[in-house]
Amino acid sequence: MRVDLTHPEFVAAIPILRRIEEAGYEAYFVGGCVRDALLGLPIHDVDIATSAYPGEVKQIFRRTVDTGIQHGTVMVLDHGTGYEVTTFRTESTYQDFRRPDKVTFVRSLKEDQLRRDFTINALAARHDGLIIDNFGGLADLDAHLLRAVGNAQDRFHEDALRMMRAVRFESQLGFTLEDATARALADNAPLLKHIAVERIAAEFSRLLKGINRTAGLSSMLTAGLDKYCPMLADQETGLAKFADLPARQLPDDASAWTLLLSVLAVPAVRFMKAWKQPNDLTGIVSRAAKLVPELVTARADNAALFAAGADSVAAAITAASYLQPDFDGQGWEKRYAALPIHSAGELALTGQALMDAGMKPGPALGKILAKMRTAVIAGELPNDKQVLLQAALAK
Ligand code: ATP
Ligand code: MG
C-alpha cells in the first residue's frame, strides 16, 4: 500500500528523507500526517522519524537546531522551513501516569511504532509513499476504528492523556472506539486526575470543534472522563443537554466554549480560568455567554451588543443558533453592524474636545462622556462632534 505524497508539504520534505537514507539510515513520515493523507484530509505539519541518532542527524545536515534533543528531536532547516526529525525511541518508566521520564533511542521503526497511542497514528510512510504498517493501522483506518497499539489498559496507564486523545480523535475524525479501547477508557478514567489541565484542555477544545462532537462527548461521559475535568464533575445534566444539541460542527474555540457555558450552570470567568484558557479567549467567551440568553429571548439591545464587542457578538450568535432552531443570526449580525459606533474610540466627542470647550478634567467629565456614548449607541443622538458637544455642555 502506498500513500500519495504529492501534497506540497510532503514534496518539500521528501529530500530530507532521501538525504538521511543516502547516509545509510532509515527515515519515514510518521504520525498524523500519514493518517490524514490516507484519509484525504488537509496536512498541517509533517513529522519525520529516523533510525539515525540525534548526533548523526546533525552530521547529515548543515543547519539544524536542537529543539528537543533530549527527546531525540532535531530541527532540520531547509530553504527557510524547519522539519522536526525525531530518532526512533521507546519510552519507559512512566511515573504518575504521565509523560515518560526516560526515552531510549533505538534503531527499529517497529519499536518506535509500538510506543505510539493508536494504530492509525502508528503508520509510517517511506519517501516513495510505501506504508509500513506493523500494527494493523490501515485496516483500522478503513474501518474508522480507534484502537490502542497493544494493550489499551497498559497504554492508558502509561499516559492517561491518551484517553482524552481517544475522545478527541473520535470527534475530530468521526471514528469509533474499538471495544477493548472503549472498556479501558471506562476502567481508567480516574487516572486523568494526574494530567495537567492545560493538556486536557488542548484535547477537549479539539473535541468540541470536531466533526463528530456528539460521539466524542458521549464517549467522554460514558467513560466518566468528565468527572476528572475542571468544574465538570457535577455537571451531568448540563453536559447531557450539551451532548443533545444539534450535531453541526462548531467553527472555533470562542463559539465552542460559549455554547458549552450556555448550557452549564457555572460562572464563565471562573470556568475558563479553571480550564487555564488564555485571557483574551476568556474575555470573549465570558462576554458572549452573558449575551446568549439576551439573544435567544430577543431582549438584547444596542448597549448589550456594544458592550459585548465584535468577537463576542459573533460567538454568541453562533452559539445561539444551536440553542434555537429558528434563531435569526443574520438579523442580529445586521443589527450589530448597524450600531452607530463599535468602540469607545469611535465616539466623535473626546475628553479633549470637552476641555477645549471649557470643562474641567475630572470624574464629571468622564460621566458626561459616558452619557454621550450611551446616547449615541442607543441611537438617541447622532455621532456628530458639534451636536454631542452642545448636548454635553447643556447637561
Ligand atoms: P494532530 O497533529 O492532528 O493533532 P497527531 O496524530 O499528529 O494529530 P500529535 O500530537 O501531533 O498528533 O502527535 C504526533 C504523533 O505522536 C501521533 O500521531 C502519535 O503517533 C504520537 N503521539 C502523540 N502523543 C502521544 C501520546 N500521548 N502517546 C503516544 N503517542 C503519542
Ligand atoms: Mg501532529
Side-chain angles (χ1 to χ4, degrees), residues 3 7 9-10 13 28-50 67-68 71-73 75 82-103 109-125 131-138 140-141 146-175 181 184-185 188 191-192 194-196 198-212 216 225 253:
V3 61
H7 188 283
E9 292 265 357
F10 287 122
Y28 303 93
F29 294 119
V30 287
C33 64
V34 179
R35 174 198 71 219
D36 291 343
L38 287 163
L39 289 171
L41 296 172
I43 313 296
H44 31 96
D45 51 352
V46 304
D47 289 318
I48 297 170
T50 179
T67 43
H71 303 113
T73 304
M75 181 178 282
Y83 296 93
E84 304 243 288
V85 176
T86 306
T87 301
F88 296 156
R89 61 180 205 221
T90 60
E91 299 175 344
S92 52
T93 43
Y94 291 82
Q95 282 178 7
D96 302 338
F97 315 99
R98 63 191 160 195
R99 288 188 172 162
D101 37 41
K102 186 156 172 282
V103 308
L109 169 66
K110 191 170 178 182
E111 278 197 68
D112 183 81
Q113 289 171 309
L114 187 59
R115 60 121 181 140
R116 294 179 182 271
D117 49 4
F118 303 105
T119 59
I120 59 164
N121 289 346
L123 295 164
I131 296 285
I132 324 287
D133 174 21
N134 278 310
F135 297 97
L138 284 174
D140 288 337
L141 211 54
L146 275 161
R147 182 197 309 270
V149 173
N151 182 302
Q153 303 276 353
D154 295 346
R155 305 320 303 281
F156 294 157
H157 258 264
E158 286 168 2
D159 179 0
L161 182 70
R162 290 174 186 155
M163 296 188 285
M164 283 307 294
R165 285 174 62 86
V167 291
R168 179 262 277 203
F169 283 121
E170 197 181 359
S171 168
Q172 180 184 322
L173 303 172
F175 277 29
T181 305
L185 211 64
N188 297 291
L191 297 180
L192 198 59
H194 301 287
I195 301 297
E198 292 88 337
R199 302 180 72 210
I200 299 178
E203 301 300 334
F204 185 57
S205 90
R206 298 183 74 174
L207 180 159
L208 292 180
K209 292 176 292 176
I211 50 166
N212 206 345
L225 289 168
D253 285 320

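Since we're looking at a predicted model, the values are computed, not measured. In this chain, numbering begins with 1 at the start of the sequence shown. Order of listing sets the numbers, starting from 1, for every ligand and every atom in it.
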remark   = among protein heavy atoms, the one nearest atom 2 (O) of ligand 1 is H44 CE1, 3.2 Å
ask   = What distance separates H71 NE2 from T86 OG1, expressed to the nearest 0.5 Å?
value = 10.5 Å
ask   = If you measure from atom 14 (C) of ligand 1 to every heavy atom of D159, D47, V46, L173, which option wins on shortest distance?
value = D47
task = Give the residue, atom name and distance (to 0.1 Å) of the protein heavy atom nearest atom 4 (O) of ligand 1.
result = R206 NH1, 2.7 Å
ask   = Below 3.5 angstrom, do we get any N/O pair linking G32 and ligand 1?
value = yes
query = If you look at every heavy atom in N121 and R165, which pair is closest and at what distance?
reply = ND2-NH2, 3.9 Å
remark   = Near G31 (heavy-atom distance under 4.0 Å), the atoms of ligand 1 are 18 (O)
message = Can a side-chain donor-acceptor contact be found between N212 and E170 if the only test is distance below 3.5 angstrom?
response = no
ask   = Mind checking whether Y28 and F88 have parallel, tilted or perpendicular rings, split at 30° and 60°?
value = parallel
key: Shortest reach to atom 22 (N) of ligand 1 by a heavy atom, considering only Q172, R116, R165, R35   = R165
inquiry  = For M163, which part has a heavy atom under 4.0 Å from ligand 1: side chain, backbone, both, or neither?
reply    = neither
Pairing of R206 and E203 as salt bridge, 4.0 angstrom limit = no
query = Hey, does R115 sit under 4.0 Å from ligand 1 if you only count heavy atoms?
reply = yes
key: Salt bridge R155-D117, side-chain N to carboxylate O under 4.0 Å   = no
request  = Measure the distances from the heavy atoms of F169 to every atom of ligand 1 and state whether one is below 4.0 angstrom.
outcome  = yes
inquiry  = I'd like to check the side chain to side chain donor-acceptor pair (under 3.5 Å) partners of R116; sequence neighbours left out, ordered by chain and number.
reply    = D112
key: Top protein contact for atom 28 (N) of ligand 1, by heavy-atom distance   = R162 NE, 2.7 Å
Tell me which donor-acceptor pairs under 3.5 Å the side chains of residues 39-50 have, and how far apart each pair is, sequence neighbours excluded?
from, atom 1, to, atom 2, distance (Å)
T50, OG1, E26, O, 2.7
T50, OG1, A52, N, 3.0

task = Identify the protein heavy atom lying closest to atom 30 (N) of ligand 1, giving its residue, its atom name and the separation to 0.1 Å.
result = D117 N, 3.1 Å
